[in-house]
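This report refers to the structure that appears directly beneath it.
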Amino acid sequence: MELQRRRSISLPQILATWLLLMAAYTGPAECIRRTSRFHGEDEGDGSGAVEAFKYSATACRAHTASLEDFGGVGDGATSNTEAFSAAVTHLSQFASDGGGMLFVPAGRWLTGPFNLTSSFTLFLHRDAVILATQDMNAWPIIDPLPSYGRGRDAAGGRYSSLIGGSNLTDVIITGDNGTIDGQGAFWWSKFHGHKLKYTRGYLIELMHSDQIFISNLTLLNSPSWNIHPVYSSNIVVSGITILAPVHSPNTDGINPDSCSNVRIEDCYIVSGDDCVAIKSGWDEYGIAYGMPSQHIVIRRLTCISPTSAVIALGSEMSGGIQDVRAEDITAINSESGVRIKTAVGRGAYVKDVYVRRMYLSTMKWVFWMTGNYKSHPDDKFDPNAIPVVDGISYSEVTAYNVTMAARLEGIPNAPFTGICISNVTVELRKARKLPWYCADVEGVSSGVSPAACASLADQGDGAQPCPFPTDASPMDDVQLQECTYVKAISA
Ligand SMILES: *[C@@H]1O[C@H](CO)[C@@H](O)[C@H](O)[C@H]1NC(C)=O
Ligand SMILES: *[C@@H]1O[C@H](CO)[C@@H](O)[C@H](O)[C@H]1NC(C)=O
Ligand SMILES: *[C@@H]1O[C@H](CO)[C@@H](O)[C@H](O)[C@H]1NC(C)=O
Ligand SMILES: *[C@@H]1O[C@H](CO)[C@@H](O)[C@H](O)[C@H]1NC(C)=O
Ligand SMILES: *[C@@H]1O[C@H](CO)[C@@H](O)[C@H](O)[C@H]1NC(C)=O
Ligand SMILES: *[C@@H]1O[C@H](CO)[C@@H](O)[C@H](O)[C@H]1NC(C)=O
């Protein structure tokens, strides 16, 4: 598969741009006089040229600025950390006055980590690349997440994320499929060489924030996870392409962590770890923090993850995970479809998980549940903190070229319950005596081929399919607005 197509300008794109400009002409702005950049006219005075960009987002902004206005240099070599930071600071004054948008023009914008602000849009031109610096000193060290107690790569602090933000409301990160490149190879080799004193940064992390909209971007080579909303709510992630080498360490795609009301849709993810992983804190730290991930919708996800899951729940789930709905999931060459990972010491629960319409090809396991996931932040975890896994429904699944249909392992004396599997056809690569392996799980099945294990009692033909909720989920009615940004072309 060709993953990195060359961009070339097609006739429809030229027409679309031209139409946008015509639309811009109807606006009141007097400065819109010339469009020579688009159709070759030259009016000779060299002033007043504009470009117009249209995008849809949860909010448009009254105030705009371009990174170049703050001394940004898009040569791929000059650091723009100061420019990003100055631009965000400048635009933050408009948070209660219509909001601010920062435009990142075509170019390669090297930068260290920077934070966003409230009522703010970061918009990338289609040929803009935000390049993460490989100068480790440019990455501030921040505290570990309270619900994890420590960093995941190393005890103690962690590098901040490339694009961050805390305690924000109404944040948009979008573009016309512009790129954020984490240049992660540098970090992966430090990780493999055990040379990291602190945990690697993520590409995008928003903490304690509300109303987050991330769309139409390509994310490349994150040092670690790509998109990490944590302790946040009302989040849409839409139309994101995430690419990382399939053997890069922990390059998870989208990880909602102790988040409520999340909609992830139309994403294409190739990565070295889970494409989507829902989390909520680690052992005693996550239990104490007590913030669940809930009301999460995932739809039209396409995933390639040869060493991990298409959708993982856990392993850090100590604040609880509840009400997850996933549908229209396509995956090829992935280790498992949906995977629940937990362990004694995690506490809390994973419940009310509904998955339907998965189309999978070349998989090790279609379904995988693990009750003894061996990783703990330290040895202070509570051996009596037994996680509950209950109410897990999978239906309408077709899978080809599969090694084993399922590996379902609950916790001895604390079985995973309420598992329902219906209308599932798995075509095994090689016939097996035991295509399903089950231990410490309880539930029902119907219309499953090859037949599920006895602990998922076959309800026979005519059984009700496994449930999928019919009520609306909280993010279904998010309204998008059509925004236009008109930029004067500098000489
Ligand atoms: C994202 O891009 C798609 C086409 O690739 C377009 O249909 C959609 O409207 C865009 N979304 C936003 C939010 O701009
Ligand atoms: C971003 O904000 C966080 C939390 O307020 C802070 O710890 C961090 O240092 C900030 N990062 C930068 C690059 O300013
Ligand atoms: C951010 O929000 C969290 C949770 O509400 C709060 O504990 C923290 O003090 C806030 N931080 C700042 C800098 O306001
Ligand atoms: C965005 O760019 C990526 C990488 O070039 C490409 O694979 C993807 O198809 C593009 N998405 C859209 C909607 O154009
Ligand atoms: C089936 O899976 C095997 C092992 O992963 C792989 O080598 C082979 O190419 C796959 N076949 C097809 C037809 O996808
Ligand atoms: C069973 O699942 C297949 C897709 O895997 C779907 O086409 C079919 O309509 C489903 N049948 C029922 C009865 O839901």
Side-chain angles (χ1 to χ4, degrees), residues 2-24 32 35-40 49-61 64-70 72-76 80 83-84 87 101-111 116 120-132 162-163 171-183 203-204 213-222 226-227 236-244 265-270 302 480-490:
E2 195 190 17
L3 293 177
Q4 304 245 20
R5 247 173 255 128
R6 274 200 55 195
R7 284 197 187 121
S8 57
I9 296 179
S10 67
L11 188 59
Q13 279 169 324
I14 292 169
L15 278 173
T17 312
W18 188 78
L19 283 171
L20 283 184
L21 279 155
M22 295 317 287
I32 302 173
T35 61
S36 61
R37 174 149 304 189
F38 297 98
H39 46 101
V50 298
E51 285 177 281
F53 300 91
K54 269 202 171 174
Y55 62 98
S56 42
T58 40
C60 305
R61 307 300 185 193
T64 57
S66 171
L67 189 60
E68 288 162 317
D69 305 340
F70 296 87
V73 180
D75 62 0
N80 291 285
F84 273 110
M101 176 185 123
L102 177 62
F103 176 78
V104 182
R108 293 169 67 75
W109 307 91
L110 186 70
T111 184
L116 306 182
F120 177 81
T121 299
L122 182 67
F123 180 95
L124 275 67
H125 182 279
R126 65 182 291 112
D127 297 320
V129 182
I130 296 181
L131 273 179
L162 182 67
I163 298 178
V171 181
I172 298 170
I173 307 174
T174 187
D176 192 7
N177 203 16
T179 300
I180 302 172
D181 183 343
Q183 305 208 88
L203 218 49
I204 299 175
F213 182 77
I214 302 176
S215 75
N216 279 22
L217 296 168
T218 294
L219 309 184
L220 302 178
N221 302 326
S222 177
N226 278 271
I227 299 181
V236 175
V237 178
S238 167
I240 302 290
T241 301
I242 295 178
L243 306 175
E265 64 190 18
D266 299 307
C267 291
Y268 176 83
I269 302 174
V270 181
T302 302
L480 296 187
Q481 300 183 21
E482 295 302 318
C483 309
T484 305
Y485 167 62
V486 177
K487 177 183 189 284
I489 298 172
S490 48

Please answer whether the main-chain N or O of [Y] pairs with a side-chain N or O of [X] as donor and acceptor at a distance below 3.5 Å.
{"X": "Ser215", "Y": "Thr174", "answer": "no"}
{"X": "Asn80", "Y": "Val73", "answer": "yes"}
{"X": "Gln183", "Y": "Ala132", "answer": "yes"}

So, for [X] and [Y], which heavy atoms are closest and what is the spacing to 0.1 Å?
{"X": "Ala87", "Y": "Leu102", "result": "CB-CD1, 3.6 Å"}
{"X": "Pro105", "Y": "Glu68", "result": "CG-OE1, 3.6 Å"}
{"X": "Thr484", "Y": "Ala52", "result": "CG2-CB, 4.5 Å"}
{"X": "Ala59", "Y": "Cys483", "result": "O-SG, 3.6 Å"}
{"X": "Phe70", "Y": "Ala65", "result": "CE1-CB, 3.6 Å"}

Can you measure from [atom1] ([X]) to [atom2] ([Y]) and round to the nearest 0.5 angstrom?
{"X": "Asn221", "Y": "Asp181", "atom1": "CG", "atom2": "CG", "value": "5.5 Å"}
{"X": "Leu131", "Y": "Trp109", "atom1": "CG", "atom2": "CH2", "value": "11.0 Å"}
{"X": "Arg61", "Y": "Tyr485", "atom1": "CZ", "atom2": "OH", "value": "14.5 Å"}
{"X": "Arg126", "Y": "Thr179", "atom1": "CZ", "atom2": "OG1", "value": "9.5 Å"}
{"X": "Ile227", "Y": "Ile240", "atom1": "CD1", "atom2": "CD1", "value": "5.0 Å"}
{"X": "Leu162", "Y": "Leu219", "atom1": "CG", "atom2": "CG", "value": "10.0 Å"}

How about [X] and [Y]: do any of their side-chain heavy atoms sit closer than 4.5 Å?
{"X": "Phe213", "Y": "Thr121", "value": "no"}
{"X": "Leu124", "Y": "Ile180", "value": "yes"}
{"X": "Ile173", "Y": "Leu116", "value": "yes"}
{"X": "Phe84", "Y": "Val104", "value": "yes"}
{"X": "His125", "Y": "Leu67", "value": "no"}
{"X": "Cys267", "Y": "Ile242", "value": "no"}
{"X": "Thr58", "Y": "Val236", "value": "no"}

Take Tyr55 and Asn216, measure what side chain to side chain contact (heavy atoms under 4.5 Å, CB included) needs, and give me the verdict at the end. CA-CA 9 Å; Tyr55 62 98; Asn216 279 22; over 6 Å; no
Residues that Thr111 engages under side-chain hydrogen bond (donor to acceptor under 3.5 Å, both in side chains), provided they are two or more places apart: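 None.
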Pairing residues for Asp266 by the side-chain hydrogen bond (donor to acceptor under 3.5 Å, both in side chains) criterion, not counting sequence neighbours: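 For Asp266, the residues satisfying side-chain hydrogen bond (donor to acceptor under 3.5 Å, both in side chains) (neighbours in sequence not counted) are Arg300.
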